[in-house]
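A note on names: the letters A, B, ... follow the listed sequences, proteins ahead of strands, and every chain is numbered from 1.
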Amino acid sequence: MLNNTQIRYCLDQMGEMFPDAHCELIHSNPFELIIAVSLSAQCTDALVNKVTKELFKKYKTPEDYLRVPLEELQTDIRSIGLYRNKAKNIQSLCRMILDDYNGELPKDRDELTKLPGVGRKTANVVVSVAFDVPAIAVDTHVERVSKRLGICRWKDSVLEVEKTLMKRIPKDEWSVTHHRLIFFGRYHCKAQNPQCPSCPLLEICREGKKRMKGSAVSHG
DNA sequence: CTCCCGATAT
DNA sequence: ATATCAGGAG
């Protein structure tokens with residue numbers, strides 16, 4: 001586990017690597033954002049953006065998603081994957097927004113979690129990005145990077161990772177750090193091919209040093 | 001724990 | 001061929 005000085009070093013280095021880290025899911029309002037994040041499960045942002053470009057032209061309001069048969073919405077999002085669950089969730093979510101929330105997306109994290117297909121990670125993204133509430137959404141990148149670096153423990157659950165990050169990062173840096181962790185994981189500390197040799201965090205990264213030792217170039 | 005699932009990178 | 005992608009629900 002990294003100490004507080006090493007954590008500070010990580011945050012500062014990531015700030016230099018990705019000073020403009022931001023939400024890459026294209027959206028123009030909170031409703032579009034929660035649709036985009038719901039679609040993004042087990043799928044790249046790039047592909048979500050490709051689909052929502054056309055989707056958001058056809059569907060502007062919760063009523064629009066409910067006007068079409070389920071099969072039509074499935075077809076419109078098919079290339080995303082997991083499309084049956086996602087299409088059903090979107091229609092149920094729209095029904096609930098109209099029936100239980102007077103047509104307006106709730107701004108509370110725990111209320112958002114009551115919506116079908118919206119778990120803690122999706123709700124954290126929405127409150128953080130759309131409503132400017134400090135939050136750390138733990139996705140696959142945040143979890144992997146936090147564990148590799150030693151910001152949290154290897155055995156931590158997703159929820160435990162989030163709590164550890166909230167404990168170890170100043171609250172006014174939660175949202176920006178969250179996006180830097182994602183950029184760092186997506187573009188540098190990648191799942192399959194991590195860029196350890198050029199990593200400014202290598203000297204404090206337990207996993208990175210282990211990888212470098214295992215792939216030494218020298219033969220003698 | 002399993003299932004949902006197509007697109008893309010390796 | 002296989003791993004991975006801004007997860008969530010049963």
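- Residue order along DNA chain C, read from the 5' end via each residue's closest nucleotide, puts A:H22 first among A:H22 and A:P116.
- Nearest to the side chain of A:H141, among C:dC5, B:dT10, B:dG6, sits C:dC5.
- Rounded to the nearest 0.5 angstrom, A:I136 CD1 and A:K121 NZ are separated by 14.5 Å.
- Regarding contacts with the backbone of C:dC5, a side-chain N or O of A:T140 is found under 4.0 angstrom from either OP1 or OP2.
- Residues A:Q91 and A:L70 are in side-chain contact: their nearest non-hydrogen atoms beyond the backbone lie under 4.5 Å apart.
- Among B:dT10, B:dC4, C:dC5, the nucleotide with an atom closest to any side-chain atom of A:L82 is B:dC4.
- With distances taken from any side-chain atom of A:C23 to the nucleotides C:dA6, B:dC4, C:dC5, the minimum falls on C:dA6.
- Counting any heavy atom pair closer than 4.0 Å across all strands shown, A:T122 reaches sugar-phosphate atoms only and no base atom.
- We find that OH of A:Y83 is positioned 18 Å from C1' of C:dC5, with the value rounded to whole Å.
- Only the P atoms considered, B:dT2 is 15 Å distant from C:dA3, to the nearest whole Å.
- Rounded to whole Å, the distance from NZ on A:K114 to P on C:dG8 is 17 Å.
- One interatomic measurement links the two molecules: CG of A:N89 to P of B:dC5, which rounds to 11 Å at whole-angstrom precision.
- Within 4.0 Å (heavy atoms only), A:K88 reaches no atom of the nucleic acid at all.
- In this structure, A:D172 places its CG atom where more than 12 heavy-atom neighbours from other residues, nucleotides or ligands lie under 6.0 Å away.
- If you take CD1 of A:I35 and P of C:dA6, they are 19 Å apart, rounded to a whole angstrom.
- One P atom belongs to B:dT10, the other to C:dA6, and the distance between them is 13 Å to the nearest Å.
- Spacing between atom CG of A:N49 and atom P of B:dT8 amounts to 13 Å, rounded to whole angstrom units.
- Classified by interplanar angle (parallel below 30°, tilted 30° to 60°, perpendicular above 60°), the ring pair A:H22/A:F183 is tilted.
- In the set B:dC4, B:dA7, C:dC5, B:dA7 carries the atom at the smallest distance from any side-chain atom of A:R78.
- Within the nucleic acid shown, A:V118 comes within 4.0 Å of sugar-phosphate atoms alone, with no base atom in reach, counting heavy atoms only.
- Using a 4.5 Å cut-off on side-chain heavy atoms (C-beta onward), A:I34 and A:L115 make contact.
- Distance, A:Q42 CD to B:dC4 P: 14 Å, rounded to whole Å.
- The nucleotide whose nearest atom lies closest to any side-chain atom of A:L25 is, among C:dA6, B:dT8, B:dG6, C:dA6.
- The interatomic distance linking A:K190 (NZ) with C:dA3 (C1') rounds to 14 Å, in whole Å.
- A:H188 and A:F184 have parallel rings, their planes meeting at less than 30° on a 0 to 90° scale where 60° marks the start of perpendicular.
- Within 4.0 Å (heavy atoms only), A:I182 reaches at least one base atom of the nucleic acid.
- When each of C:dC5, C:dA6, B:dC4 is scored by its nearest atom to the side-chain atoms of A:R144, the top-ranked nucleotide is C:dC5.
- The distance between atom CZ of A:R186 and atom P of C:dT4, rounded to the nearest whole Å, is 16 Å.
- Here the nucleotide nearest the side chain of A:K50, chosen from C:dC5, B:dT8, B:dT10, is B:dT8.
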